[in-house]
Amino acid sequence: MATLSHARYGKANVRLAKVHRHAEDNTQSITELTVRTLLEGDIAASWTAADNTNIVATDTQKQTIYVIAKQHPVNPPELFASILGQHFLDTYPWMTKARVDVTVHRWTRMEVEGKMHPHSFLRDGVEMREVECEVIRGEEIRIRSGIKGLLVLKSTASQFWGYHRDEYTRLPETWDRILSTEVEAGWRWKEFENVEEVRKEEGMFDGAWSDARRITLETFAQEDSPSVQNTMFIMAEKILAAVSGVEVVEYSLPNKHYFEIDLSWFNGLKNTGKDAEVYAPQSDPNGLIQCTVTRKDSTPPKL
Ligand SMILES: O=c1[nH]c(=O)c2[nH]c(=O)[nH]c2[nH]1
């Protein structure tokens with residue numbers, strides 16, 4: 001006989017935008033989100049016995065997302081995710097865990113004739129702010145925040161040498177190369193007792209996001225990088241030093257290679273080493289370098 005060992009379900013890719021009207025200065029702002037909810041609890045009978053009694057339809061979950069977004073703040077996304085997750089547990093006593101993932105899309109205020117425009121925005125890049133949140137009945141609230149899709153490149157001050165060499169090695173050592181990556185960074189918060197505790201600490205979520213983003217960009221730009229590995233570790237160390245509520249920092253960085261092109265076949269044209277100017281950007285394959293950096297002596301949170 002087979003057993004259902006795990007089941008959860010919900011609505012993914014729920015898109016919503018909320019307009020904030022600021023009466024004081026007659027400006028508006030907008031927050032655009034993609035939300036995913038996943039519920040767990042006493043729901044197995046739907047899978048194993050075709051009994052939907054305890055199934056809160058995924059359509060109901062979607063409608064709930066809209067209603068909660070109307071009734072509560074959607075910023076910071078960590079608080080919105082906690083409120084939504086707690087709502088599902090409060091409303092449906094047979095549910096034991098609500099997982100809520102929120103992606104915030106960029107809308108940056110337009111500058112028009114040298115002034116910030118009151119209600120017009122532009123999408124300046126595909127970078128996203130990410131939140132994963134688990135609200136568990138009788139336990140704590142777990143939150144992981146992050147950045148995705150932040151594409152960066154530096155045209156020098158990146159090296160890679162001293163690595164293991166054997167009969168499979170073709171890569172030449174380099175003391176000057178292009179370095180490019182699409183930043184995926186995440187930070188796991190200490191656990192929160194309840195939504196009230198998340199609300200109390202509301203201000204630190206935006207602060208952590210802007211610190212992590214600033215540290216990532218500054219370190220990338222300023223360090224003469226000996227490897228992606230070392231650069232990402234320094235970024236993570238700095239974030240842990242800057243943001244006290246964070247216990248773990250994770251990075252996942254693709255190494256988006258830019259190959260030198262040997263043009264010596266063309267009348268001895270020099271285009272390698274210190275003469276390199278024209279490069280071939282590679283879409284694949286790419287290096288992929290990941291790390292988890294934990295505050296010393298801390299118990300890492302579970303999410
Ligand atoms: O920063 C790097 N780390 C590596 O592990 C690696 N491997 C590689 O081929 N190039 C690079 N660059």
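We count ligands from 1, going down the list as the structure has it; atoms in each ligand are counted the same way. Everything quoted here is computed from the prediction, not taken from an experiment.
Between the CD atom of E197 and the CD atom of E202 there is a distance of 13.5 Å, given to the nearest 0.5 Å. To the nearest 0.5 Å, the span separating SG on C133 from CZ on F192 amounts to 9.5 Å.
Contact atoms of ligand 1 toward N255: 2 (C), 10 (N), 11 (C), 12 (N) (distance under 4.0 Å to a heavy atom of the residue). Using a 4.0 Å cut-off to heavy atoms of V228, the atoms of ligand 1 that qualify are 1 (O), 2 (C).
A side-chain N or O of Q86 and one of D90 form a donor-acceptor pair less than 3.5 Å apart.
Contacts with ligand 1 closer than 4.0 Å are made by side-chain heavy atoms of R177 only, the backbone lying farther away.
Looking at I289 next to ligand 1, no N or O pair under 3.5 Å apart turns up. Taking any N or O of S227, backbone or side chain, none lies under 3.5 Å from an N or O belonging to ligand 1. On a distance-only criterion, Q229 and ligand 1 share at least one N/O pair closer than 3.5 Å.
Heavy atoms of other residues, nucleotides or ligands lying less than 6.0 angstrom from CG of N13 number 12 at most.
Considering only non-hydrogen protein atoms, atom 9 (O) of ligand 1 sits nearest to L171 CD2, 3.4 Å. Regarding atom 8 (C) of ligand 1, its nearest protein heavy-atom neighbour is F160 CE2, 3.7 Å.
Applying the salt bridge (charged side-chain N to carboxylate O under 4.0 Å, His left out) test to every pair with at least one member in residues 66-83, sequence neighbours left out, gives these pairs: E78-R129. Applying the salt bridge (charged side-chain N to carboxylate O under 4.0 Å, His left out) rule to pairs touching residues 142-152 yields E132-R144, E134-R142, E139-R142, E140-R142, R144-E250, sequence neighbours excluded.
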